[in-house]
> 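Have a look at this one before I ask anything.
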There are 2 protein chains.
Amino acid sequence: MIEPPDESPSPCLCEADALPPSDQHAQQYAAVRNAHETELLEDYVELIGDLIEHQGEARSADIAQRMGVSQATVSKMVARLKGLGLVASKPYRSLFLTERGEEMAAMSRQRHAIVLRFLRALGISDDTARIDAEGMEHHVSEETLAAMQRFSQQRESS
Amino acid sequence: MIEPPDESPSPCLCEADALPPSDQHAQQYAAVRNAHETELLEDYVELIGDLIEHQGEARSADIAQRMGVSQATVSKMVARLKGLGLVASKPYRSLFLTERGEEMAAMSRQRHAIVLRFLRALGISDDTARIDAEGMEHHVSEETLAAMQRFSQQRESS
DNA sequence: CAATACAGTTAGCCTTTGCTAAGTTATTTT
DNA sequence: AAAATAACTTAGCAAAGGCTAACTGTATTG
């Protein structure tokens, strides 16, 4: 067996790019797993909110098309969202957001807008910015979000 | 039923923050789903590479601890990685990366470093930067990565 | 060298998120 | 108002990624 070269349990006394202490490391991964649990939910809720706003109503078929997913998948997801108290609907009718759903949609929309604007301010092309924003939006902390906002503002007012 | 207010199939002639055309919208979500498929794989491979480099070897127990996950989960994942030709190992012994695994680890490490450096250059605190980098790293396009690199360089040389 | 402790694996379970195929309800068209 | 089309739901399947519990191998140490 190879002896680990002086593996101390405390912070780290080795090179600059060493591994973080393992409990901190684990926390990072936990944060990502956690984000994954809510992000799809948020995407659905955000999309439903957007559809209602822009097209007057949110129908499963539209959601399926925009998400690039089968209608059956949407049905199942909507059942879950109803169970979580985010969406309300009657069978075979279009969808509505509950108050909690509205809140979540508003938050998501805002995050999304901030990240998208930031990427554009960074000089990213429109198509790429859209794709990256969709992926990044759920992994950006409040702190980073604030920094992005500051940056965009500064860039745009020059 | 509510009549959708002039829903044309072509690009969009409505307000500034309207929904993107649905095929483009679907592509965004597809990109995210796609990233999700590979990102865990990349995290494992990156971590295995880091452990080998910094501690001389990569053991399941270390991985489990650092990922904040049970050993059984690691075993299963390693089996998958072996099936994909990214990892090599003999039962009950420590893990190695194949050539393809090394390549993937190098790419991941580089992406990770660029994003982390960028967040720091933006003024984000260390702990937050680490967490956000872990989440964002898999959702950043080449184009954005390049922009981040440019930005960090510029910031640091002033 | 036997006993114990530690590391790794296997089996079996659960949830999420996707799918297809088949059935049901609503809407539109004739 | 009947038939046809479109929208929605349900049932059943699969893969990924978690878990615990039970088992098997490896290493340490008395």
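Chain letters run A, B, ... following the sequence lines, proteins first, then strands; residues in each count from 1. This structure is a prediction, so every number in the text was calculated from the model and none was measured.
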> Could I get a table of every N or O pair under 3.5 Å where one atom is in the protein and the other is in nucleotides 15-17 of chain D?
from   : atom 1 : to    : atom 2 : distance (Å)
D/dG17 : OP2    : B/R80 : NH1    : 2.1

> Would one find more than 12 heavy atoms of other residues, nucleotides or ligands at under 6.0 Å from atom CD of B/E156?
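Above 12, so yes.
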
> Taking the side chain of A/A61 as heavy atoms from C-beta outward, which of D/dC8, C/dG8, D/dG18 is closest to it?
D/dC8

> If I take atom CD in residue A/E42 and atom P in nucleotide C/dT17, what distance separates them, rounded to the nearest angstrom?
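Interatomic distance, CD of A/E42 to P of C/dT17: 12 Å.
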
> Of the options C/dT20, C/dG8, C/dG18, whose atoms approach the side-chain atoms of A/S70 most closely?
C/dT20

> Would you kindly give the CG-to-C1' distance between B/L95 and C/dT9, to the nearest whole Å?
13 Å

> Check for me, please, whether A/L116 and B/V32 land in the same ILVMFWY cluster - side-chain distances under 4.5 Å, paths through other members count.
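No, A/L116 does not connect to B/V32 through the hydrophobic network.
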
> Could you state the atom-to-atom distance from CG of B/D43 to C1' of D/dG18 in whole Å?
15 Å

> Any side-chain to backbone donor/acceptor pair from B/R59 onto B/L51? Under 3.5 Å, distance only.
no

> Rounding to an integer number of Å, can you tell me how far B/N34 CG sits from C/dT17 P?
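Interatomic distance, CG of B/N34 to P of C/dT17: 17 Å.
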
> Using whole Å, what does the distance between atom P of nucleotide C/dC6 and atom CD1 of B/I63 come to?
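Distance check: B/I63 CD1 to C/dC6 P gives 20 Å.
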
> Mark yes or no for whether A/S22, through its side chain, and A/H25, through its backbone, hold a donor-acceptor pair below 3.5 Å.
no

> B/Q71 CD to D/dA21 P: how many Å, rounded?
15 Å

> Run through B/R130, B/M148, B/M136 and flag the one making a side-chain contact (heavy atoms from CB on, under 4.5 Å) with B/L119.
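Only one of B/R130, B/M148, B/M136 forms a side-chain contact (heavy atoms from CB on, under 4.5 Å) with B/L119, namely B/M136.
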
> Can you confirm whether B/L86 sits close enough to B/I48 that some side-chain heavy atom of one is under 4.5 Å from a side-chain heavy atom of the other?
no

> Check the distance between C/dT17's C1' and B/E39's CD and give it to me in whole angstrom.
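After rounding, the reported distance stands at 15 Å.
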
> Mind listing the N/O atom pairs, protein and nucleotides 23-26 of chain D, below 3.5 Å?
from   : atom 1 : to    : atom 2 : distance (Å)
D/dT26 : O3'    : B/R93 : NH2    : 3.3

> Which is true for B/V74 with a 4.0 Å heavy-atom rule: it touches a base, it touches only sugar-phosphate, or it touches nothing?
nothing

> Once you measure the plane-to-plane angle for A/H36 and A/H139, does it fall in the parallel (<30°), tilted (30-60°) or perpendicular (>60°) bin?
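If you compare the ring of A/H36 with that of A/H139, the planes turn out perpendicular.
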
> Quick one: list whatever passes ring pair (Phe, Tyr, Trp, His ring centres under 6.0 Å) with A/F151, sequence neighbours left out.
A/F118, B/F151

> For D/dC8, does either OP1 or OP2 sit under 4.0 Å from a side-chain N or O belonging to A/R59?
yes

> The side chain of B/S75 is closest to which nucleotide in this list: D/dT10, D/dG18, C/dG8?
C/dG8

> Testing A/E46, A/E42, A/E142 one by one against A/R111 for a salt bridge (charged side-chain N to carboxylate O under 4.0 Å, His left out), which residue passes?
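Among the candidates, only A/E142 passes.
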
